[in-house]
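Below is one structure, written out as structure tokens; the observations come after it.
Just so we're on the same page: letters track the sequence lines, and every chain starts at 1.
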Amino acid sequence: MAQRVEPGSRTDERYDPKEIESRWRARWEESGLYRTNLRDDSRPKYYNLMEFPYPSAEGLHVGHVYTYSGADTNGRFRRMQGYNVFEPMGFDAFGIHSENYALKQGINPMDLTARTVRRYRDEQMVRLGCMWDWSHEVNTSQPDYYRWTQWLFLQMYRAGLAVRKSAPVNWCPSCLTVLANEQVINGRCERCDTEVVQKEMVQWFFKITEYADRLLDDLEKLDWPEISKRLQRNWIGRSEGAELVFEVADTGEPIPVFTTRPDTVFGATYVVLAPEHPLVERITTPEQREAVEAYQQKVSYEKEIERLSLEKEKTGVFTGAYAVNPANGERVPIWIADYVLMTYGTGAIMAVPAHDERDHEFARKFGLPIVEVIESEGGVSEHAYTGPGTMKRSGRFDGTPSEEGKRAVTEWLESRGLGKRAVTYRLRDWLISRQRYWGPPIPIVYCERDGEVPVPEDQLPVVLPHVEDFRPTGTGKSPLATVEEFYKATCPRCGGPAVRETDVSDTFLDSSWYYLRYPSTEFDDRPFDPELTRKWLPVDSYMGGKEHIVLHHLYSRFVTKVLHDLGYLDFDEPFQHLRLHGIITYQGAKMSKSRGNVINPDEYIARYGADTLRTYLLFMGPYEEDNDFQDTAVAGVSRFLGRLYALVDSRHEHGGGPGTDMRQMHQTIGRVTHELDNLRYHTAIAALMEMSNWITSVRDDMTSEQQEDALRTLALMLAPIAPFTGEELWHRLGGEYSVHNQRWPEYDPAALGKSAVTIVVQVNGKVRDRFEVRPGTPEDEAVRLAHESPRVSPYLDGRTVRKIVWVPDRLLNLVVG
RNA sequence: GCCGAAGUGGUGGAAUGGCAGACACGCUCGCCUCAAAAGCGAGUGGAGGUGACUCCGUGUGGGUUCGAAUCCCACCUUCGGCACCA
């Protein structure tokens, strides 16, 4: 540790962030400054959560530093406001990203991850100056954590929400595993950008769709940015309509179809099944069988991305079979086409070409009849009419407005047992199994006698073994399927021979509950302690990036709701208050390794110190918007911190003046408090810069007490943003350790009372003069002053004042004509 | 195609109905220096004027208003999300 600085002495040293930061880091550590007493009831609690990183090759990214700078500044601000702040950190250490890094290095992820985590934490993260309480660190890849991830799986299983079923799933040919729907972005793998293919496979799913309505409705009660609510709403994609039953002609076999336009059922001139629809096999006529099977073959080879392409012309094949339109009894042909998806609705549609663009295009291509049943002006020969209107050619419903017809037609068909109201969602069940090594084994065994049996809770964890060959196999099975010591098991129920499930679970399951674990890391006999959980959750502030809205945030809400329903939690939303920071671009583009425009935070910390990087990141622009990183501006922030240091260091050569108006200081306190409350960090920092400029310019007029007061206030307000420099300045000003335990400064409202206000004088809305007057100056006096002003009077000469706009203490506008 | 956000000096941005450009970056000039760096000081939207000043100016066009960067309508551009969801 460097020499102690005695308060009061002028050192004439330059601002040396490296020395300052390492000295205070050691002092904070040794005094346990950031260890939170979770059982302290004397202050209101504040659970300050921020996204934890997954350790990978690249090291800590500047995006992480951005998240943490903003979240930590908020945590420190709340701490100074009197909250007992809990700010934990951990590692999302399981998962494909960490595993792919290990594969590239050829080192078992179990060995490599431990090293990577140490590097992240001890070489990078500790330097950032965040008030993390490392005594509650979690690492999702450790048995003491994933044991409870497996426990969570078992709760899902018991509740009937974890099911093993065959379904069309997304397979990534590069990662050699299946993916959840949320992990496919525009037909590509979220991790590696490879095009995914569709496969029918038996997999484990969590039935998140059963919670679709609650996930949708409860968004209302959350303090979240609108964009994240909108994205979740879109993703859940609730759609109201009806399920109508068409029957196969002759056999009478029902074909339920989902439609949002039951009012157009009289215009349904054909039915389309998804190519994978189970009915296709049974209804296809011998003449059509060859064509149908060829088409099914072709579609099954198609990549998701090709199938979704809109440019593509519609294709399809007639099955040879007919169905009966339940509204008018007409026979309509049954086709199969890939524009109908097996995974949405019932996998079958009634096609109404007159009033649906897609059906229209298909009907025109294959010469199917187009029957207009909603009155339209332009007709429907060229384009479908999809708007509302009056029903026609619809029997008893002719003349009914379409909106009313939706309900009426559904009720009419329902009375005949051929329909009912229905709701469909875009959201699909969460596919959680992965054919990979680096994750928690799914705690299920398969017994010859008892079938699928959950591992009893007291036998958890099912330990992930350290294996030689951890490479993904590509066979649709995890590498664990080749490890006999692992998969050979005895049935927990009958004791007979059994095999373990060898798939591991999705990384997003690990992170779906980690916020529940942080307060309870001391317990190894329960995932989360009821008492601590009741006290500390839900989370008071959660900070992260936009990329997790339909992944991590949605899954966490689902898991919380399930645990609530099972009686483990008394709340059903994990993150009451969520804020999303913007993306940092560099040279105008998103940072990426391939572009070679990645900012390495280590270099900036080494050169300028963590405080400068933190302060710069927050100063760039509005925290919740995207910002471009500019190297030159970083140096400017470093100079600002250096100026503050010099300001404090040279204070004994100044002050001792007759005293000055301290209103500026009180205004700054008010401004900074308000800006920090709203995450407007860039304007908070600007206000601190203005205050520093103000002190510099008037310090010789200040009394010594005033100067001291101003500098201390400045140090206090700097502390949440630049914690090292704030601490150092506070210490040099003789403040007691630590600045981070001080109360946030309050402004004196009386000191804000203005002795004079500036009135802006406009003529016809153009500013012509401004003058200082006492607050509360009446209108007539202001008007008189305006007429006397040589800068205003020329514009009034020879004209009549038609109107006077008077905003007390602010503005006078004279309208002349 | 649909939904959303945003367009302000050379640059990042401030101002959400009332003084456009706070605060910075950059640049110019000056001080310091043998010189440079650092630091400090002054200036810095555009055009005009010796000058006090004047006019213009927040993507484009229109509107509301005493007054619009801010509200409304149309369009253009950029970014983001979704995309055959019946």
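Distance CD1/Ile374(A) to OG1/Thr386(A): 11.0 Å, rounded to 0.5 Å.
Thr696(A) contributes a side-chain N or O that, together with a main-chain N or O of Ser692(A), makes up a donor-acceptor pair within less than 3.5 Å. Of the possible polar contacts, none joining the Asp769(A) side chain to the Val761(A) backbone as a donor-acceptor pair under 3.5 Å is found.
Side-chain contact between Leu676(A) and Tyr681(A) is present, with at least one heavy-atom pair separated by less than 4.5 Å. The shortest distance between side-chain heavy atoms of Asp338(A) and Tyr295(A) falls below 4.5 Å.
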Any chance you could lay out the salt bridge (Lys or Arg N to Asp or Glu O under 4.0 Å) test for Glu403(A) and Lys406(A), step after step, and finish with the verdict? CA-CA 6 Å; Glu403(A) 278 310 307; Lys406(A) 287 180 182 178; 3.3 Å; yes

Applying ring-ring contact (aromatic ring centres under 6.0 Å, His included) to Tyr270(A) and Phe362(A), what does each step give before you reach the verdict? CA-CA 11 Å; Tyr270(A) 61 103; Phe362(A) 192 82; 5.6 Å; yes

Derivation and outcome, side chain to side chain contact (heavy atoms under 4.5 Å, CB included), residues Ile349(A) and Asp356(A): CA-CA 12 Å; Ile349(A) 62 157; Asp356(A) 182 285; over 6 Å; no

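Regarding contacts with the backbone of rC25(B), a side-chain N or O of Arg639(A) is found under 4.0 angstrom from either OP1 or OP2. The side chain of Arg426(A) contributes an N or O atom lying less than 4.0 Å from OP1 or OP2 of rA83(B).
For the pair Asn627(A) CG and rG13(B) C1', the computed distance is 9 Å after rounding to whole Å. In this structure, the CZ atom of Phe362(A) is 18 Å from the P atom of rA86(B), given to the nearest Å.
At a threshold of 4.0 angstrom between heavy atoms, the contacts of Lys546(A) with the nucleic acid are absent. As judged by a 4.0 angstrom heavy-atom cut-off over every strand, Arg791(A) is placed among residues touching the sugar-phosphate backbone only. Residue Asn693(A) is classed as a sugar-phosphate contact, given heavy-atom separations below 4.0 Å to backbone atoms only. Nucleic acid contact for Arg802(A): none, since no nucleic acid atom lies under 4.0 Å from a heavy atom of the residue. If you check every strand for non-hydrogen atoms under 4.0 Å, Ile349(A) touches a base. Using a 4.0 Å heavy-atom cutoff across all strands shown, Arg238(A) reaches no nucleic acid atom at all. Residue contacts for Gly345(A): at a heavy-atom cut-off of 4.0 Å it reaches no nucleic acid atom on any strand shown.
Separating the C1' atom of rG13(B) from that of rC23(B) is a span of 8 Å, rounded to the nearest Å. One C1' atom belongs to rU70(B), the other to rG49(B), and the distance between them is 33 Å to the nearest Å. Nucleotides rA20(B) and rA14(B) have their C1' atoms positioned 9 Å apart, rounded to a whole Å. As rounded to the nearest Å, rG46(B) and rG10(B) have C1' atoms that lie 13 Å from one another. Taking atom C1' in both rA15(B) and rU58(B), one finds a spacing of 11 Å when rounded to whole Å. When the P atom is compared between rA22(B) and rC66(B), the two are found 31 Å apart, to the nearest whole Å. Comparing the P positions of rA37(B) and rC31(B) gives a spacing of 14 Å, expressed to the nearest Å. Taking the C1' atoms as reference points, rG45(B) lies 10 Å from rU8(B), given to the whole Å.
For Lys766(A), the side-chain atoms get nearest to rC56(B) when compared with the rest of rA86(B), rC56(B), rA24(B). Side-chain proximity of Glu690(A) to rA22(B), rA86(B), rG4(B): nearest is rA22(B). When the nucleotides rA86(B), rC82(B), rC23(B) are ranked by their closest atom to the side chain of Ile185(A), rC82(B) comes out on top. Listed candidates were rA24(B), rA86(B), rC84(B). Nearest to the side chain of Tyr339(A) is rC84(B). When distances are taken from the side chain of Tyr795(A) to each of rA15(B), rG81(B), rU54(B), the shortest belongs to rU54(B). Among rC55(B), rG18(B), rA14(B), the nucleotide with an atom closest to any side-chain atom of Val807(A) is rG18(B). Side-chain atoms of Phe619(A) lie closest to rC23(B) of the nucleotides rA86(B), rC23(B), rA14(B). The side chain of Arg680(A) approaches rA15(B) more closely than any other nucleotide in the set rC56(B), rG13(B), rA15(B). Taking every side-chain heavy atom of Asp356(A) into account, rA86(B) is the closest of rA86(B), rA14(B), rC84(B). The side chain of Ala686(A) approaches rA22(B) more closely than any other nucleotide in the set rC40(B), rA22(B), rC25(B).
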Fill in the dot-bracket string of RNA chain B, one character per base: . for unpaired, | for a pair to another strand, ( ) or [ ] for pairs within the strand, taking Watson-Crick or G-U pairs under 3.5 Å. (((((((..(((.....[....)))((((((.......))))))((((....))))..(((((..]....))))))))))))....

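Of the residues listed (Trp235(A), Tyr211(A), Trp430(A)), the one engaging Tyr555(A) in a ring pair (Phe, Tyr, Trp, His ring centres under 6.0 Å) is Trp430(A), and it is the only one.
A salt bridge (Lys or Arg N to Asp or Glu O under 4.0 Å) check over residues 256-265 of chain A, counting only residues at least two apart or in different chains, returns the pairs Arg261(A)-Asp263(A).
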Might you list the N or O atoms of the protein lying below 3.5 Å from N or O atoms in nucleotides 6-11 of chain B, with each pair's distance?
| unit_1 | atom_1 | unit_2 | atom_2 | d |
| --- | --- | --- | --- | --- |
| rU11(B) | O2' | Gln630(A) | NE2 | 3.1 |

Do any N or O atoms of the protein come closer than 3.5 Å to N or O atoms of nucleotides 45-48 of chain B, and which pairs are they?
none

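Because its glycosidic torsion is more than 90° from 0, rG57(B) is reported here as anti.
The two residues Ser394(A) and Val373(A) come nearest to each other via the heavy atoms OG-CB, 3.9 Å.
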List the protein contact pattern of nucleotides 61-69 of chain B with one symbol per nucleotide (5' to 3'): B for base contact, S for sugar-phosphate-only contact, - for none; contact means a heavy-atom distance under 4.0 Å. -----B---

Let me check something: any side-chain donor-acceptor pairs from residues 614-622 of chain A under 3.5 Å, sequence neighbours excluded? List them with distances.
| unit_1 | atom_1 | unit_2 | atom_2 | d |
| --- | --- | --- | --- | --- |
| Arg614(A) | NE | Ile721(A) | O | 2.9 |
| Arg614(A) | NH1 | Asp72(A) | OD2 | 2.9 |
| Arg614(A) | NH1 | Leu128(A) | O | 3.2 |
| Arg614(A) | NH1 | Gly129(A) | O | 3.1 |
| Arg614(A) | NH2 | Asp72(A) | OD2 | 2.7 |
| Arg614(A) | NH2 | Thr73(A) | OG1 | 3.4 |
| Arg614(A) | NH2 | Pro720(A) | O | 3.1 |
| Thr615(A) | OG1 | Asp611(A) | O | 2.6 |
| Tyr616(A) | OH | Gln630(A) | N | 3.0 |

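A cation-pi arrangement is present between Arg557(A) and Trp224(A) under the rule of less than 6.0 angstrom and at most 45 degrees off the ring axis. Both tests pass for Lys314(A) against the ring of Tyr339(A): distance under 6.0 Å to the centre and angle within 45° of the axis.
Outside the 6.0 Å centre-distance limit, the rings of Tyr66(A) and Phe629(A) are not counted as a close aromatic pair.
Ranked by how close their nearest RNA chain B nucleotide is to the 5' end, Met620(A) and Ala633(A) are led by Met620(A). Remark on RNA chain B: of its neighbouring residues Val637(A) and Arg810(A), the 5'-side contact belongs to Arg810(A), judged by nearest-heavy-atom nucleotide.
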